[in-house]
Amino acid sequence: MRITQYAQGQACWVELASHDWQGAEGFYHALFGWNAVEMAIPNGHFSLFNLEGDDLGAMYQIPESEPQIPSHWRIYFAVKDIEATVAAILAAGGQLHMGPHVVGDAGVMAQVSDPEGARFALWQAKNHPGSRRQGEENTLCWVELACREPGAEASFYTQVFPWTALSSHVAGIDYTEWQIDGQSMGGMMKMMPEWGEIPAHWMPYFVVADCDAFAAKAQGLGAQLCVPPSDIPDVGRFAVIADAQGATFAVI
């Protein structure tokens, strides 16, 4: 589905921060068929991922001066008034880490986090709405928050975005679906003690044609399976994958 604009609170973009941008370009091209178009920036490397000419997301090189930052994916959510949304985040107990700052004529962005420390980004579009495609093969289809206090997190996000938190029970676990105007666009699950010290985080899900074949292909390219292909009753078959640099994403 090609997209020209996003509603308030919709996931609109994904961005990969990697310690090996060249390796990541090759990995994601081989895995998803994404092309990477490098953009000129004063320092470092920044590329746009696209599929058949349509922008899907971006990638940048983590500076060598910050080796403590792990490779990771970040979710961007669309907003109409970024200043007002940042104010709502701060009032609800979140934090502002970067911005808001203008990104040329494309839009305005800010990086923030929720009360548990899960980071995400805001995007107020000007000439660039975000991902041009979602919900089709090899594109973003879902975003998911893993946290330790779902009740508190639900209170936070429903203050910040026009989301409704719908409780359900999926594959033997309590699960929350984030909905906008009755349409589910993401979810939230509680992190179990066996997860250890993994911090609260957002994770993107991408559509694939064959989960098992895709997971095997990813392993062949140097990725690790965090969760092997598994069935979600009445939903689909999914896997969680860490690329060679450790950035984690899911496919379904």
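Both backbone and side-chain heavy atoms feed into the values below; hydrogens, waters and symmetry mates do not.
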**Asked** Which word best sums up how the rings of W178 and W163 line up, parallel for under 30°, tilted for 30 to 60°, or perpendicular for over 60°?
**Response** tilted

State, with a plain yes or no, whether a side-chain heavy atom of [X] is found less than 4.5 Å away from one of [Y].
{"X": "M185", "Y": "V143", "value": "yes"}
{"X": "I75", "Y": "P204", "value": "yes"}
{"X": "L140", "Y": "L56", "value": "no"}
{"X": "D243", "Y": "T248", "value": "no"}
{"X": "F156", "Y": "I89", "value": "yes"}
{"X": "V240", "Y": "M203", "value": "yes"}
{"X": "N50", "Y": "V37", "value": "yes"}

**Request:** Identify which one of F214, Y205, W202, Y28 satisfies the ring pair (Phe, Tyr, Trp, His ring centres under 6.0 Å) criterion when paired with F249.
**Result:** Y28

Minimal non-hydrogen separation, [X] against [Y], with atom names:
{"X": "E66", "Y": "I62", "result": "O-CG2, 3.6 Å"}
{"X": "P129", "Y": "C12", "result": "O-CB, 4.0 Å"}
{"X": "G104", "Y": "K126", "result": "O-NZ, 4.1 Å"}
{"X": "L96", "Y": "A110", "result": "CD1-CB, 4.1 Å"}
{"X": "G94", "Y": "L90", "result": "O-CD2, 3.7 Å"}
{"X": "S131", "Y": "V14", "result": "OG-N, 4.4 Å"}

**Request:** Please test Q8 against I180 for side-chain contact (heavy atoms from CB on, under 4.5 Å), starting from the C-alpha separation and ending with a verdict.
**Result:** CA-CA 9 Å; Q8 174 85 4; I180 299 176; over 6 Å; no

**Prompt:** Got a sec, which pairs hit side chain to side chain donor-acceptor pair (under 3.5 Å) with one end in residues 86-102, sequence neighbours left out?
**Reply:** H97-S113, H97-R119

**Item:** Where at least one partner belongs to residues 212-229, residue pairs that pass side chain to side chain donor-acceptor pair (under 3.5 Å), sequence neighbours excluded
**Value:** D212-R237

So how far is it from [X] [atom1] to [Y] [atom2], rounded to the nearest 0.5 Å?
{"X": "M188", "Y": "C147", "atom1": "CE", "atom2": "SG", "result": "5.0 Å"}
{"X": "L16", "Y": "F27", "atom1": "CG", "atom2": "CZ", "result": "10.0 Å"}
{"X": "F161", "Y": "T164", "atom1": "CZ", "atom2": "OG1", "result": "14.0 Å"}
{"X": "Q111", "Y": "L122", "atom1": "CD", "atom2": "CG", "result": "9.5 Å"}
{"X": "I241", "Y": "C226", "atom1": "CD1", "atom2": "SG", "result": "8.5 Å"}
{"X": "D54", "Y": "T139", "atom1": "CG", "atom2": "OG1", "result": "10.0 Å"}

Do [X] and [Y] belong to the same hydrophobic cluster, where Ile, Leu, Val, Met, Phe, Trp and Tyr are linked whenever their side-chain heavy atoms lie under 4.5 Å apart, directly or via other members?
{"X": "L166", "Y": "I173", "answer": "no"}
{"X": "V227", "Y": "L145", "answer": "no"}
{"X": "M39", "Y": "W21", "answer": "no"}
{"X": "V102", "Y": "V86", "answer": "yes"}
{"X": "W142", "Y": "I252", "answer": "yes"}

Please check: side-chain N/O of [X] versus main-chain N/O of [Y], any donor-acceptor pairing under 3.5 Å?
{"X": "Q124", "Y": "I82", "value": "yes"}
{"X": "S230", "Y": "P228", "value": "yes"}
{"X": "E116", "Y": "R148", "value": "yes"}
{"X": "N138", "Y": "F32", "value": "yes"}
{"X": "H201", "Y": "P199", "value": "yes"}
{"X": "H45", "Y": "Q22", "value": "no"}
{"X": "Q10", "Y": "A7", "value": "yes"}
{"X": "D231", "Y": "P233", "value": "no"}

Do [X] and [Y] get their side chains close enough for a donor-acceptor pair, meaning under 3.5 Å?
{"X": "Q134", "Y": "Y6", "value": "yes"}
{"X": "E144", "Y": "Y175", "value": "yes"}
{"X": "S18", "Y": "Q245", "value": "no"}

Using the benzene-type ring in the case of Trp, are the ring centres of [X] and [Y] under 6.0 Å apart?
{"X": "Y157", "Y": "F120", "value": "yes"}
{"X": "W73", "Y": "F206", "value": "yes"}
{"X": "H128", "Y": "W13", "value": "yes"}

**Prompt:** Just wondering, more than 12 heavy atoms not from Q159 lying within 6.0 Å of its CD?
**Reply:** yes

**CG (N127) with more than 12 external heavy atoms under 6.0 Å** = yes

Residue list, side-chain hydrogen bond (donor to acceptor under 3.5 Å, both in side chains) with [X], at least two apart or on another chain:
{"X": "E153", "answer": "none"}
{"X": "E52", "answer": "R133"}
{"X": "W34", "answer": "none"}

**Message:** Evaluate M59 against F46 for side-chain contact (heavy atoms from CB on, under 4.5 Å), listing each step before the verdict.
**Reply:** CA-CA 6 Å; M59 178 188 66; F46 182 87; over 6 Å; no

**Request:** Would you mind telling me which of E38, Q61, E25 makes a side-chain hydrogen bond (donor to acceptor under 3.5 Å, both in side chains) with S47?
**Result:** E25

**Derivation of the side-chain contact (heavy atoms from CB on, under 4.5 Å) call for N35 and L48** = CA-CA 8 Å; N35 296 308; L48 294 176; over 6 Å; no

**Complete:** Here the salt bridge (charged side-chain N to carboxylate O under 4.0 Å, His left out) pairs for residues 189-205, sequence neighbours left out, are none

